[in-house]
Amino acid sequence: MLFKDLSMFFKRLESTTKRNEMMVILADLFNKAKVEEIDKIIYLLDGRVAPPYEKLEFGMSEKLIIRSLAQAFLKSILDIENMYKEIGDLGEVAEKLAEEKEEDMEVLEVFKVLYDIALLSGEGSVEAKVNKLGYLIRALSPLSSKYVVRIILGRLRLGVGEPSIMDALSYAKKGDKNLRQYIERAFNITSDLGYVAKVFWEGGVDALKKIKVEVGRPIRMALAERLSSAEEIIKKLGKCSVEPKFDGFRCQVHKNGTEIKIFSRNLEDNTHMFPDLVQGIIQQVSNEKVIFEGEAISYNPETNEFYPFQMTVQRKRKYDIDKMASMFPLKLFVFDLLYVDGEDLTPLPYLRRRERLEKIIIPGDTIFLTNYIITNNPVELQAFFEECITEGLEGIVAKRLDAPYQAGVRNFNWIKLKRSYQSQLSDTVDAVILGYFKGRGQRAKFGIGALLVGVYNPDEDRYETIAKIGTGPTEEEWVKFREILDEIKVEEKPHNVESQIIPDVWVYPKYVVEIQADEITKSPVHTCGKNGEKLGYALRFPRVIGFIREDKSAKDVTTVKEIIEMYKLQKKEIISDNSVEK
DNA sequence: TATGTCTGCCC
DNA sequence: ATTCTGC
DNA sequence: GCAGAATGGGCAGACATA
């Protein structure tokens, strides 16, 4: 297949929002492709040249692509940047600048070039990547250039994700979605949809059924939905299990004798980062072949208090691993068992898996079973939730008692309840809008995609940034924000604004919005409370609540001092004694 | 050698 | 991570 | 309710450059 033809399919996909139509187009694409192209097309649809768990990245994004485009079309970087700001899509910038070509490349040829770009590393590799992409774009038609750029950005924006591909694969072979279940199962246990598609194409459903769970190969992780109260959870699940939720990182552990692998939520192999966990696993898991999951969180070995996420995340590293392991040791709180000695446990109901899990863990000081209660009473659930909060945890996860382990999907079998979802418990901040950023993709047409907001420092009589926010408002509200803010836009940063971040458009500090966040964190970029070399403060997971607050003026917003107070308070509330351990 | 820019991956 | 939107 | 596409803070590491 020519890349031009693939691009035509992409164009058709982009032109509809109807999921059934998309499925038919995708199926058509798969049927017209050669067998050896199918897996590669699927990787490209995901913005990659390999399955996600392989460490093969382009190492190229916005800035470097801009350089490639400038080079390919003999424009200045500033020209490209300006077009990008206007259009909101680098692919469309390329499309606009490119000229029709007589010749075209095969899909496999383009794939090879992209693969080579991903392989480049070491001294001079940045320049080499930029050049290689520049040459590729020069060889391609406008439409093909657009999609190549978007593939590298990992934002094809076709409305196609893995579930759509699975439906389409089934539809391509059978004319309905009935084979999806087999495709999905194979995908869940191999985490490589390109490979699954190829096996399916070559050997049909029978070949898919032969795919087995392999210890050492990551299984796609189950994810939790959200609700905002104990009542809603009980209403949804009835009698359910309730476990604490830790603010660390998800670990899927594979043990094959003394061979251990630890995968991240996105199925990256992070084993080498956690020698302490590996030791613990060897000592505390008796069975030969096991796959289980938990949350790893660092703690202060002197006081046994859990550390905040910002500490734990420092354990995600390549160098100085042993040093950091002694400073920030990890505990692994395990909550699910997927596989034991040849037996796939994922179809078993939660409680059965839980029982089995309890049998394979030997008590020790690294691995702990998560505590849990079983209840159908919202009051009890709420009490457990509050207990978790007092212990400095993130909240709880409620689980449907009879649900299998549903790999790869986010659904209501698991429901998380976090402190910040309960507005009476969470910190909201009133902040003043200091500027805005142009939107990308769907947001480009609004000319706004995010706000820069700040709080007030009365001592210096100035506003200091505390967050960028791109979530919360509806499309209608974004349009209104744009209109209202354009009326007070200013050419330069106002003198009473302190910011290291430069928005696309500065505005006079006037309008107030209410911001909800999960936490206040120390920030290297936001200027709120920043003093010389000292770090400032920022909001974790900020979102806009409602619209502009007409009842408040800029001077009425939350002050820097109040933010610092809130930061101290949130630290005090965490009086962890690790009493959730069994 | 030190610093700055960019990217990828945690949440 | 959170949130919004079309189906 | 699902699936997809917008968007956040902040860490380490790879390269480039001063």
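Every chain is numbered from 1 and lettered A, B, ... according to where its sequence line falls, protein lines coming before strand lines.
- Nucleic acid contact class of A/V525 (heavy atoms, under 4.0 Å, all strands): sugar-phosphate only.
- The aromatic rings of A/F333 and A/F246 sit parallel, their planes meeting at an angle under 30°, below the 60° perpendicular limit.
- Checking A/K236 against A/E127, the closest nucleotide of DNA chain D that is more toward the 5' end is the one next to A/K236.
- Using a 4.0 Å cut-off between charged side-chain N and carboxylate O, A/E92 and A/R150 make a salt bridge.
- Each of A/K522, A/K530, A/H526 was compared with A/Y537 under the side-chain hydrogen bond (donor to acceptor under 3.5 Å, both in side chains) criterion, and only A/K522 meets it.
- Using a 4.0 Å heavy-atom criterion, one finds that A/S125 contacts the sugar-phosphate atoms exclusively.
- Residue-level contact check: A/V544 touches neither bases nor backbone, having no heavy atom under 4.0 Å from any strand.
- With rounding to whole Å, A/F412 atom CZ is found 7 Å from D/dG1 atom C1'.
- Aromatic rings of A/Y299 and A/Y307 (six-membered ring for Trp) have centroids beyond the 6.0 Å cut-off, not under it.
- Remark: of the listed residues A/K399, A/E225, A/Q406, A/Q406 is the sole one forming a side-chain hydrogen bond (donor to acceptor under 3.5 Å, both in side chains) with A/N413.
- In this structure, of C/dC7, D/dC2, D/dG9, it is D/dG9 that holds the atom nearest to the side chain of A/A538.
- Looking at the side chain of A/T474, the nearest of the listed nucleotides D/dA3, D/dG9, C/dC4 is C/dC4.
- Checking the phosphate oxygens (OP1, OP2) of D/dG10, no side-chain nitrogen or oxygen of A/Y537 falls inside 4.0 Å.
- The separation between A/R157 atom CZ and C/dT5 atom C1' is 16 Å, rounded to whole Å.
- For A/L153 and D/dA5, the CG to C1' distance is 14 Å, given to the nearest whole Å.
- Heavy-atom distances to DNA chain D give each of A/L539 and A/D167 a nearest nucleotide, and the one nearer the 5′ end belongs to A/D167.
- Distance from the side chain of A/P542 is smallest for D/dG9 among the nucleotides C/dT3, D/dC2, D/dG9.
- Toward the 5′ end of DNA chain C lies the nearest nucleotide of A/D518, the other residue of the pair A/D518 and A/T17 mapping further downstream.
- In this structure, A/K129 atom NZ and D/dC15 atom P are separated by 8 Å, rounded to whole Å.
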For every nucleotide of nucleotides 5-11 of chain B, 5' to 3': is a protein heavy atom under 4.0 Å from its base (B), only from its sugar-phosphate (S), or from neither (-)? -SSSSSB
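- For A/E14 and A/R157, the salt-bridge test fails: no basic side-chain N is under 4.0 Å from an acidic carboxylate O.
- If you take NZ of A/K530 and C1' of D/dG10, they are 13 Å apart, rounded to a whole angstrom.
- Across all strands shown, A/N411 has heavy atoms under 4.0 Å from sugar-phosphate atoms exclusively, and none from any base.
- The phosphate of D/dA14 (OP1 or OP2) has a side-chain N or O of A/K318 nearer than 4.0 angstrom.
- Taking atom CG of residue A/L451 and atom P of nucleotide D/dA6, one finds them 18 Å apart after rounding to whole Å.
- On the C1' atoms, C/dA1 is 16 Å away from B/dG8, given to the nearest whole Å.
- Phosphate contact (OP1/OP2 of D/dC11, side-chain N/O of A/Q310, threshold under 4.0 Å): present.
- The stretch residues 434-443 of chain A comes close to DNA chain D through A/G439, A/R440, A/G441, A/Q442, A/R443, each having a heavy atom under 4.0 Å from the strand.
- Of the charged side-chain nitrogens involved, none lies within less than 4.0 Å of a carboxylate oxygen, so that A/R419 and A/E519 do not count as a salt-bridged pair.
- A salt bridge links A/R543 with A/D518: the distance from a Lys NZ or Arg NE/NH1/NH2 to an Asp or Glu carboxylate oxygen falls below 4.0 Å.
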Let me have the donor-acceptor pairs involving side chains of residues 271-278 of chain A, under 3.5 Å, with sequence neighbours excluded, atom names and distances please.
residue: A/T271; atom: OG1; partner: A/I262; partner atom: N; Å: 2.9
residue: A/T271; atom: OG1; partner: A/D269; partner atom: OD1; Å: 2.5
residue: A/D276; atom: OD1; partner: A/R315; partner atom: NH2; Å: 2.9
residue: A/D276; atom: OD2; partner: A/R315; partner atom: NH1; Å: 3.0
residue: A/D276; atom: OD2; partner: A/R315; partner atom: NH2; Å: 3.4
residue: A/D276; atom: OD2; partner: A/L330; partner atom: N; Å: 3.4

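- In this model, a side-chain donor or acceptor of A/T471 finds a partner on the base of C/dT2 within 3.5 Å.
- If you check D/dA12, D/dG13, D/dA6 against the side chain of A/Q314, the one that comes closest is D/dA12.
- A sub-4.0 Å separation between OP1 or OP2 of C/dT2 and a side-chain N or O of A/K416 is present.
- Within the structure, a side-chain polar atom (N or O) of A/K468 is placed less than 4.0 Å from OP1 or OP2 of D/dG8.
- Contact check, A/T521 against D/dG10: a side-chain N or O comes under 4.0 Å of OP1 or OP2.
- Distances shorter than 4.0 Å separate some side-chain N or O of A/R317 from OP1 or OP2 on D/dA12.
- Checked by atom type, the side-chain pair A/T16/A/E21 shows a donor-acceptor distance below 3.5 Å.
- No side-chain donor from either of A/D167 and A/S170 sits under 3.5 Å from a side-chain acceptor of the other.
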